[in-house]
Amino acid sequence: MKNISSVNDCYGCGVCAKSCPKHIISIALNPKGFYAPLIKEIDKCIDCGICLDVCAYVHDDLSVQNRPLAGYAAWSNDDATRQQCSSGGVGFEIARAALAEGYEVCGVRYNAEKNRAEHFIASSPEELLATMGSKYIQSYTVDGFTAIERNKKYLVVGTPCQIDSFRRYMQRYKLREDLFILMDFFCHGTPSKLIWDKYLEKVNKEKKKIVSASWRNKQTGWHDSWAISLKFSERGNDVSKSAPDYICRYSKGDMFFTLFLSDGCFGKACYDRCKYKYDHSAADIRIGDLWGSKYRKEEKGVSGVVAFTPQGKDLLKTANCTFREEDFTVVAEGQMKKAPAKGKLYKELQSVMMRESFNIDELYTIVQRYRKKRQLIGRLTHPSRTAKNLIKRLIKKSR
C-alpha cells in the first residue's frame, strides 16, 4: 500500500496526520520515546500517497533549495523580553510582529498537564507569551498543525524537519505562499522523551504538580544559561509569578543537559537523515543563539538570524529588534555543520534506555565515563602540553 505504514524512526513531524484525507493516521510516542506515525484503520487507506508526498523523511532533498539571503546579529529592544528569552528574544519579537501584520502564529508551548511540548495556535499577544523560551524536547505537532486553515495567514515555527514537511504540505495542496511564513532554528537534535520523563522523576521526588518548565535561565549570564528551572505546586495553587522551586545548570552537572549535549540520546533520524544543518533550510527565516567570538563578551543574549526569502526579510523589518547585518559565517559560528555520528556512546545509552525500567543516573554515569576517557586521550595526544604541565608542577614543588 502507498502509505507511511512502513516508515519507522522518522522525524515524527506529524504532517502526514494533518494531510491524510481519511484521517486514519495518528502520532504517538514509540517505545524509544519519539513521536512516530501509526495508521489506525489501514483497511480504510485509499492509496492516495499524500502522506508520503508531504513526508520530508522519505525524500533525499529539501522541498526548496534556499540559500541565505541576509544574516544578522539581533536582539529585542525590550530588555524584559531579551532577559526572559533564550538568546536575544528575536523569535518572540518576530512572532509578535507577525501578529501585528495579521498572521496567527503556530508555535510551541510547554503543556505541564500533559508533560510535553506541543504546537498550538496563538492569536493574540497574550497567548503568544507561552511560546517564550526554547523547548529542548520533541514537540507534539498534530493539534497545532490540524488547526491551521488553508486560506488564513500563519507564521509557522518548528524544527527544520517539521518545517520542511510543512513546506511539502503547502506544495502538495498548492497553498498560496504569501499566506505562510515559515521559521525554523539551528537544531542540535531532539532527545528521547524518556530522558525528560526520567529527569522529572529524579528531581520531582515528591511528585508535585509541575506548573512550568524553562530550559534556559540567564541569572548568571547568557553564556551560563544552559539551565533548567521548574516550578511545582499543589493542585489549585498559582505560583506562576514565584521563583523556581528547582534550578540546575549544565555548568553544575545538570543531568538533562549533560545527556542532551552528549549527542548520544537523539532519534535515529537525527543521525541518519538530518539534512538541515548550518545553511540547509526550507524556511523563510532561521534563528538561534549567536555563540561566535564577535559577541563573546555579550551576556544579555544575542540571536543569530538568517533570512532565506524576501518574504522572511520583509517580516524582520517590522520586528521590535536591533539588527546588525553580519556575514553568514559570523551568524552561524559554533553551529553544527553536519549531523552527529552514532558512536559507542549512542549504542550504550540506547541499550539502557530500551530496558523496561532504568533511571537517569545510569545514563549520566555512562556519559561521564566517556567524557573522562576523551579527556585522558586528549592529554595523551598532546605530549608537549602534558610535559609543560609536568614541568610547572615540578618547579612549584621545588619552591
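- Both Ile228 and Ile195 sit in one connected hydrophobic cluster of ILVMFWY residues. Membership requires side-chain heavy atoms under 4.5 Å apart, directly or through other members.
- Contact annotation: the side chain of Asn115 approaches that of Lys193 to within less than 4.5 Å [non-hydrogen atoms, C-beta and beyond].
- In this structure, Asp9 does not pair ionically with Arg273, as no charged nitrogen and carboxylate oxygen lie closer than 4.0 Å.
- Judged by distance alone, with hydrogens and angles left aside, the side-chain atoms of Thr146 form no donor-acceptor pair with the main-chain N or O of Asp143 at under 3.5 Å.
- Thr322 and Asn77 share a donor-acceptor pair across their side chains, judged by distance under 3.5 Å alone.
- To the nearest 0.5 Å, atom CD of residue Glu41 and atom CD1 of residue Ile25 are 12.0 Å apart.
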Checking Ile39 against Asn3 for the side-chain contact (heavy atoms from CB on, under 4.5 Å) test, could you report, in this order, the C-alpha distance in whole Å, the side-chain angles of both residues, the deciding distance, and whether it holds?
CA-CA 9 Å; Ile39 298 183; Asn3 57 47; 3.6 Å; yes
Assess whether side-chain contact (heavy atoms from CB on, under 4.5 Å) is satisfied between Cys45 and Ile24, documenting all intermediate values.
CA-CA 8 Å; Cys45 177; Ile24 59 173; 4.0 Å; yes
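- The side-chain tip of Arg249 does not point at the ring of Trp226 from less than 6.0 angstrom away and within 45° of straight on.
- Shown here for Ile27 and Pro37, the closest heavy-atom pair between the two residues is CD1-CA, 3.6 Å.
- In terms of the salt bridge (charged side-chain N to carboxylate O under 4.0 Å, His left out) criterion, Glu333 has no residue partners (sequence neighbours excluded).
- From Ser192, atom OG reaches atom CD1 of Ile137 across 10.5 Å, with rounding to the nearest 0.5 Å.
- For the pair Lys344 and Tyr370, the NZ or CZ position fails the cation-pi test of under 6.0 Å to the six-membered ring centre and within 45 degrees of the ring normal.
- Only one option out of Tyr250, Trp196, Phe257 pairs with Trp215 in a ring pair (Phe, Tyr, Trp, His ring centres under 6.0 Å); it is Trp196.
- No donor-acceptor distance shorter than 3.5 angstrom exists from the side chain of Glu299 to the backbone of Thr220, with no hydrogens or angles considered.
- A heavy-atom distance below 4.5 Å is found between the side chains of Arg286 and Tyr276.
- At least one side-chain heavy atom of Thr81 sits less than 4.5 Å from a side-chain heavy atom of Met132.
- A 4.5 Å side-chain heavy-atom check between Val367 and Leu349 finds at least one atom pair inside the cut-off.
- Side-chain contact check for Tyr246 and Asn204: no donor-acceptor pair (N or O, by modelled atom type) lies under 3.5 Å.
- Put simply, Ile210 and Ile360 are part of the same group of oily side chains (I, L, V, M, F, W, Y) that touch within less than 4.5 Å, one to the next.
- In terms of modelled atom types and a separation under 3.5 Å, the side chain of Arg216 and the main chain of Ser225 share a donor-acceptor contact.
- Between His23 and Lys40 the shortest heavy-atom distance is O-NZ, 3.8 Å.
- Side-chain contact check for His59 versus Asp164: every heavy-atom pair is 4.5 Å or farther apart.
- You'll find the side chain of Pro310 reaches within 4.5 Å of the side chain of Leu69, heavy atoms only.
- The number of heavy atoms from other shown groups lying within 6.0 Å of NZ (Lys300) does not exceed 12.
- Around CD of Glu177, the count of heavy atoms belonging to other residues, nucleotides or ligands within 6.0 Å does not exceed 12.
- Atom-to-atom distance recorded for Asp289:CG and Tyr295:OH is 14.0 Å, nearest 0.5 angstrom.
- What you find for Asp184 and Thr159 is that their closest heavy atoms are CB-C, 4.1 Å.
- Side-chain N or O atoms of Thr141 include none that pairs as donor or acceptor with a backbone N or O of His119 at under 3.5 Å.
- With respect to Arg167 and Asp284, a salt bridge is recorded, a charged nitrogen being found less than 4.0 Å from a carboxylate O.
- Aromatic ring pairs are classed by plane angle as parallel below 30°, tilted from 30° to 60° and perpendicular above 60°; the pair Phe166 and Tyr169 is tilted.
- Hydrophobic clustering (side-chain heavy atoms under 4.5 Å, transitive across Ile, Leu, Val, Met, Phe, Trp, Tyr) keeps Ile163 apart from Val64.
- Taken from OG1 in Thr309 to CD1 in Ile181, the straight-line distance is 7.5 Å, to the nearest 0.5 Å.
- The closest donor-acceptor contact from the side chain of Gln171 to the backbone of Ser63 lies under 3.5 Å.
- No path of Ile, Leu, Val, Met, Phe, Trp and Tyr side chains, each step under 4.5 Å between heavy atoms, connects Phe120 with Val15, placing them in separate hydrophobic clusters.
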If you apply the rule side-chain contact (heavy atoms from CB on, under 4.5 Å), what do you find for Leu230 with Leu200, and how did you get there?
CA-CA 9 Å; Leu230 302 169; Leu200 293 182; 3.9 Å; yes
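- Under the 3.5 Å distance criterion, with hydrogens and angles disregarded, a donor-acceptor pair is assigned to the side chains of Ser139 and Gln162.
- Between Tyr278 and Phe186, the ring centre distance reaches or exceeds 6.0 Å.
- Checked by atom type and distance alone, the side chain of Lys135 never pairs as donor or acceptor with a backbone atom of Ser214 at under 3.5 Å.
- With hydrogens and angles disregarded, a donor-acceptor distance shorter than 3.5 Å links the side chain of His280 to the backbone of Lys277.
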Side-chain donor/acceptor pairs under 3.5 Å, residues 98-108, sequence neighbours excluded:
| unit_1 | atom_1 | unit_2 | atom_2 | d |
| --- | --- | --- | --- | --- |
| Glu104 | OE1 | Ser123 | OG | 2.3 |
| Glu104 | OE2 | Lys152 | NZ | 2.6 |

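- Side-chain atoms of Asn359 come within 3.5 Å of backbone N or O of Glu362 as a donor-acceptor pair.
- Atom CG of Asp178 sits in a crowded spot, with more than 12 heavy atoms from other residues, nucleotides or ligands closer than 6.0 Å.
- Using cut-offs of 30° and 60° on the angle between ring planes, the pair Trp291 and Trp222 is parallel.
- Looking at heavy atoms from C-beta onward, Ile94 lies in side-chain contact with Met183 at the 4.5 angstrom threshold.
- We find the NZ-CG distance between Lys202 and Asp361 to be 3.5 Å, quoted to the nearest 0.5 Å.
- Using a cutoff of 4.0 Å between basic side-chain nitrogens and carboxylate oxygens, Glu298 and Arg82 are scored as salt-bridged.
- The pair Asp314-Lys317 meets the salt-bridge criterion, since a charged nitrogen lies less than 4.0 angstrom from a carboxylate oxygen.
- With hydrogens and angles disregarded, a donor-acceptor distance shorter than 3.5 Å links the side chain of Ser76 to the backbone of Asp78.
- The nearest pair of heavy atoms linking Ala36 to Asn30 is CB-ND2, 4.1 Å.
- If you take CG on Asp245 and OG on Ser212, they are separated by 8.5 Å, rounding to the nearest 0.5 Å.
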Kindly indicate, with the supporting measurements, whether the criterion side-chain contact (heavy atoms from CB on, under 4.5 Å) is fulfilled by Leu261 and Tyr136.
CA-CA 11 Å; Leu261 294 171; Tyr136 285 82; over 6 Å; no
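- You'll find the side chain of Gln138 stays beyond 4.5 Å of the side chain of Arg116, heavy atoms only.
- Phe180 and Val54 fall within a single hydrophobic cluster, where Ile, Leu, Val, Met, Phe, Trp and Tyr are joined by side-chain heavy atoms under 4.5 Å apart, directly or via other members.
- The two residues Gly304 and Val331 make their nearest non-hydrogen contact at CA-CG1, 3.7 Å.
- Nearest heavy atom pair, residue Leu194 against residue Met353, reads CD1-O, 3.9 Å.
- Under the 3.5 Å distance criterion, the side-chain polar atoms of Lys198 are matched with a main-chain donor or acceptor of Phe358.
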